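Data block below; observations after.
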Amino acid sequence: MDALSHLISGFGIALQPLNLGLAVFGVATGTFVGMLPGIGPINAIAILIPITFASGMPPESALILLVGIYYGSQYGNSISTILLNVPGTASAVVTAIDGHAMTKDGRAGQALAVSAVASFVGGTLSIFALVLLAPVLSNWAIRFGPAEYFALMVFAFSALSSFSGGSVVRALASTGFGLWLATIGLDPNSAIPRYTFGSIQLLDGMDFVVVTIGLFAVSEVFVLLSDTRMGEAAADVTGKAAIAWKELLATTWTMLRSAALGFGVGVLPGAGGTIASFLAYSTEERLAGESGDFGNGDIRGVAAPEAANNAAANGALIPLLTLGVPGSGTTAVLLGALLGLGITPGPLLLTEEPDLFWGLAASMYVGNAFLLLLNLPLVGVFVRALTLPRWVLIPGVSALAFVAVYAVNASSFDLLLMTGFGVVGFGMRRFGFPLAPVVLGLVLGPLMEKNLRRAMALSGGEVGVLFDSPIAVTLWILAFVSFIAPIGFRWARFRSTRG
Amino acid sequence: MKIADRSIGAALVVTGIAIAAAATTYRVGFMTDPVGPRALPYLTALMMGCAGALIFARPEASSSDLDRAAARRTGGAVLTFAGYALVLPLLGFFLSTALVILGLARLFGGPWRPSIASALSTAGALWLLFVALLQLPLPVGSLWMR
């Protein structure tokens, strides 16, 4: 089988000593940064990306490091969710229910262990599904023309705005802002400078790393400082992750079901991980019925969302890798990182750069395995870091982000710009504007514009070309439905509360 | 207090108009590019303008205001960050990084001496990571080069 031989050669790359070392380093730093209260995976990835850019390593190695960071930061997020009850993402909120209940019950070690194993199961099964599905979808996506791509991106924006749970109007403003940021700089077709305000530094456009770290990480520091309570979250530390085999085996079916569910939901654009973990949790709760103790520290209540969440995170890589279109904030950040490394994901990635794709698939297996190997024995070390006071942790991580941003272009202007975006991000958060659509707009903006212009050039300016093919029409309908869905739900709820 | 949303909505509408107005000057005459460099800016202007108008028309009550101490801490962090950008080329990597960590540690309520110790050791660790391990060129500081 072709895929198998490719995968084996992929492992050949992933298992080279340098790459193995990078996988370990990525998983460990990802776990550490993702674990810091309030930082969360998207910040961890954004902060650590510049290091992969600046170090000038070959793209396969950089990818392996990135994947390690991606997995590590998600597990790190679970650690602080379980121990401190501070979920860094919406999808970890479900884990907090039973995970933190277990901690209060003195069973933090079991919760951390089951979370690590469930993440591994969900992750590994979904990589397998990804390897099987990606070639199929790539073959299909090769038929996509510029009009279909344009419609697909509109769908991605619409889905992200409506499933993220907040106000659709505010998400629209955020998306518009992100797309506008994408137009800054020299227009690639006509070489006309747009919105540069006469600045030479802006001719190259907005640096994705600067915007992302500013919006997410820097604004997080401001949010933490503006919290009037400024209280220290007390870490209830239990030294190691340990669990009895019997207890773990009892969650087998929960993990398998949740992984399948999570993968299916994750492939769809929008807030895949959040919906996946909620669905998996409520499904298991219903299946357990009387035998369950959900909400009070049922171990299945940790296994289900963790397996689903990790499977969804890998499912979300499918549209990213085969279509080149991310469906979430985190995958948008990953796309930015890939483009920065000179890798353009899309249907041609598999045929033109099979080494990269299969190297990535193999490194995902390796990253997942290391996550389990490292975290089961070492979780105590990570957890001890949580007992360090905030005034040690947060300034250190901020400085890491700063130096990393500076190292990319060796420019103080970037640091000022990043601070400015931090202020903007702080304001956006305070007034309920979501940040993920900004990043998605910034990353997808150039692709969207390129495809729109190409489609219109091919048709000679005829707008109808955008709605010509069945695929494009389907995508436009999906985009429309997902945009009006929240309004419909709200109306239905309004009716049901009144009637 | 719906005043915040009213101002944000109005600001978004004004920004949208400004973006669109600037875009009218981006003219090209290529026959092969019927869309031109103006289409995406117009689209973003439309999105921000419409969202702004809706927010202005139907404002929601905003979250409570920052208290004085929180505002001072947040403002202090903004100045610390901006200051870092300015002093980095001058003082060099180690000293300015230690200073920014110290400033932030103080804002987060760290006591003086442990904060200084933490700033020096963290800056040292970052120096090891970036300069010794990753071999990235970081500024030495023009002040010491004379």
Side-chain angles (χ1 to χ4, degrees), chain A residues 51 54-55 167 169-170 172-173 175-177 179-180 182-183 187 189-190 192 194-195 218 221-222 224-228 230 389-392 394-396 398-400 402-404 406-407 410 412-416 418-419 422-423 426 430-432 441 445 448-449 452-453 456-457 459-461, chain B residues 4-5 8 12 19 22-23 26 28 30 32-37 39-41 43-48 50-52 54-55 60 62-63 66-67 69-71 73-74 77-78 81-82 84-86 88-89 93 97 100-101 104-105 107-110 115 118-119 122-123 126 130 134 136-138:
Chain A
I51 300 182
S55 58
S167 147
V169 174
R170 280 159 204 260
L172 183 71
T175 312
F177 179 53
L179 284 173
W180 176 68
T183 65
D187 169 39
N189 277 32
S190 60
I192 288 177
R194 294 189 288 188
Y195 308 108
V218 174
V221 175
F222 299 154
L224 289 172
L225 280 170
S226 71
D227 184 358
T228 33
M230 279 273 288
R390 260 189 193 178
W391 57 264
V392 175
I394 306 292
S398 317
L400 173 68
F402 270 49
V403 180
Y406 181 84
S412 297
F413 177 75
D414 280 357
L415 288 177
L416 277 179
M418 178 190 76
T419 309
V423 175
F426 176 67
R430 275 194 76 78
F431 295 106
M448 200 168 167
E449 187 173 30
L452 176 66
R453 283 165 119 168
M456 300 298 266
S459 75
Chain B
D5 259 13
I8 291 170
L12 277 170
I19 288 174
Y26 305 148
V28 272
F30 290 126
T32 49
D33 186 8
V35 176
L40 190 63
L43 181 69
T44 67
L46 188 71
M47 290 166 88
M48 287 164 84
C50 286
L54 283 169
I55 292 169
E60 286 164 24
S62 62
S63 55
L66 286 180
D67 71 32
R73 280 196 301 267
T74 315
V78 175
F81 284 9
Y84 184 62
L86 299 176
L88 183 64
F93 167 72
T97 305
V100 78
I101 296 173
L104 282 179
L107 287 169
F108 272 98
S115 293
S118 146
T122 313
L126 288 174
F130 282 94
L134 295 171
L136 295 172
L138 288 171

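All values reported here derive from a predicted model rather than from experimental measurement. When reading the values below, keep in mind they use all heavy atoms of this one structure, side chains included, and skip hydrogens, waters and symmetry mates. So you know, we letter chains A, B, ... as the sequences are listed, proteins then strands, and number each from 1.
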Before you tell me yes or no, could you show the steps for A:L224 and B:F108 under side-chain contact (heavy atoms from CB on, under 4.5 Å), namely the whole-Å CA-CA distance, both residues' side-chain angles and the distance that decides it to 0.1 Å? CA-CA 9 Å; A:L224 289 172; B:F108 272 98; 3.9 Å; yes
Report the option among B:L86, B:I19, B:V100 that has the most heavy-atom pairs separated by less than 4.5 Å from atoms of chain A. B:I19
For A:L415 and B:A85, the nearest pair of non-hydrogen atoms, with its separation, is CB-CB, 3.5 Å
If you count heavy-atom pairs within less than 4.5 Å of chain A, which of B:A69, B:S115, B:C50, B:A119 leads? B:S115
For B:T97, is it the side chain, the backbone, both or neither that has a heavy atom under 4.5 Å from a heavy atom of chain A? side chain
Under a 4.5 Å heavy-atom cut-off, does chain A meet the side chain of B:S118, its backbone, both or neither? side chain
At a 4.5 Å cut-off on heavy atoms, which part of A:F426 comes close to chain B: side chain, backbone, both, or neither? side chain
For B:P89 and A:S412, which heavy atoms make the closest approach, and how far apart are they? CG-OG, 3.3 Å
Quick one: which of B:T44, B:I101, B:I55 has the most heavy-atom pairs under 4.5 Å with chain A, could you say? B:T44
Okay, side chain of B:Y26, backbone of A:I192: is any donor-acceptor separation there less than 3.5 Å? no
Chain A contact via B:L12 - side chain, backbone, both or neither, heavy atoms under 4.5 Å: side chain
In terms of heavy-atom contacts, B:L107 and A:L225 come closest through O-CD2, 3.5 Å
Working for side-chain contact (heavy atoms from CB on, under 4.5 Å), residues B:L104 and A:S398: CA-CA 9 Å; B:L104 282 179; A:S398 317; 3.8 Å; yes
A:L179 CG to B:M47 CE distance, which is reported to the nearest 0.5 Å: 5.5 Å
Among A:R170, A:R194, A:E449, single out the residue with the greatest number of heavy-atom pairs under 4.5 Å to chain B. A:R194
Part of B:A77 lying under 4.5 Å from any heavy atom of chain A: both
Geometric class of the B:F81/A:F402 ring pair [parallel <30°, tilted 30-60°, perpendicular >60°]: perpendicular
A:V221, part contacting chain B, at a heavy-atom distance under 4.5 Å: both
Answer with side chain, backbone, both or neither: which region of B:A23 has an atom nearer than 4.5 Å to a non-hydrogen atom of chain A? both
Quick check on A:S459 against chain B: is it the side chain, the backbone, both or neither that has a heavy atom closer than 4.5 Å? neither
Evaluate the side-chain contact (heavy atoms from CB on, under 4.5 Å) criterion for residues A:W180 and B:L43: first the C-alpha distance (whole Å), next the side-chain angles of each, then the deciding distance (0.1 Å), finally the verdict. CA-CA 9 Å; A:W180 176 68; B:L43 181 69; over 6 Å; no
So which atom in A:G445 and which in B:L40 form the shortest heavy-atom distance, rounded to 0.1 Å? O-CD2, 3.9 Å
Could you look at B:L88 and say if it's the side chain, the backbone, both or neither that has a heavy atom under 4.5 Å from chain A? side chain
Determine, step by step, whether A:Y406 and B:F93 satisfy the ring pair (Phe, Tyr, Trp, His ring centres under 6.0 Å) criterion, reporting the C-alpha distance in whole Å, the side-chain angles of both residues, the deciding distance to 0.1 Å, and the verdict. CA-CA 10 Å; A:Y406 181 84; B:F93 167 72; 8.8 Å; no
In Å, rounded to the nearest 0.5 Å, how long is the span from OG1 of B:T122 to CG of A:L400? 10.5 Å
